[in-house]
Amino acid sequence: MGFNFTIPDYKKIRVIIDTDAACEADDPFAIAINPGCGHYHDATAPLILEDTSSEAKEDNPKIRIYTDADSRYILEDFISKLEIFTE
């Protein structure tokens, strides 16, 4: 299944979720649907080196780093998806 549209570069953004429940209850998908459901800051993506360390590289793309997310919104999103899949 492919999509027949293109997204302009200025609308593309990478998301890093920096919470203690990074992948619990569908966080990345809920945040992609509602980017305003948490607090974040924009930063330049680090360059990841072969030894898994990182260094700053100013021409890397910008990323959005979430420091917290609305857990109620995320859980409601997760539960609604469970309800759809169990119908």
Side-chain angles (χ1 to χ4, degrees):
M1 171 203 268
F3 297 105
N4 294 323
F5 61 87
T6 57
I7 299 172
D9 285 340
Y10 73 93
K11 288 192 172 186
K12 295 178 184 176
I13 190 163
R14 293 184 179 148
V15 175
I16 294 177
I17 301 169
D18 184 20
T19 69
D20 58 347
C23 289
E24 298 296 325
D26 233 7
D27 285 9
F29 301 107
I31 287 175
I33 292 168
N34 180 8
C37 74
H39 296 95
Y40 64 85
H41 64 276
D42 294 330
T44 302
L47 175 65
I48 308 298
L49 304 174
E50 286 193 30
D51 65 356
T52 69
S53 64
S54 64
E55 67 181 33
K57 187 173 180 202
E58 290 306 314
D59 59 340
N60 275 2
K62 295 292 182 193
I63 58 173
R64 181 171 288 173
I65 301 173
Y66 279 80
T67 54
D68 62 76
D70 181 352
S71 58
R72 180 178 176 148
Y73 168 77
I74 291 169
L75 289 172
E76 286 176 355
D77 177 69
F78 179 64
I79 290 167
S80 66
K81 288 176 183 170
L82 287 176
E83 290 172 344
I84 290 169
F85 288 120
T86 57
E87 290 179 349

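We find the NE2-CD1 distance between H41 and I63 to be 7.5 Å, quoted to the nearest 0.5 Å.
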Please tabulate, one pair per line, all N/O donor-acceptor pairs under 3.5 Å involving side-chain atoms of residues 45-52, not counting sequence neighbours.
| from | atom 1 | to | atom 2 | distance (Å) |
| --- | --- | --- | --- | --- |
| D51 | OD1 | S53 | N | 3.0 |
| D51 | OD1 | S53 | OG | 2.5 |
| D51 | OD2 | S53 | OG | 3.4 |

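A search for side-chain hydrogen bond (donor to acceptor under 3.5 Å, both in side chains) contacts involving T44 returns K62, not counting sequence neighbours. Under the side-chain contact (heavy atoms from CB on, under 4.5 Å) criterion, I84 pairs with no residue, sequence neighbours left out.
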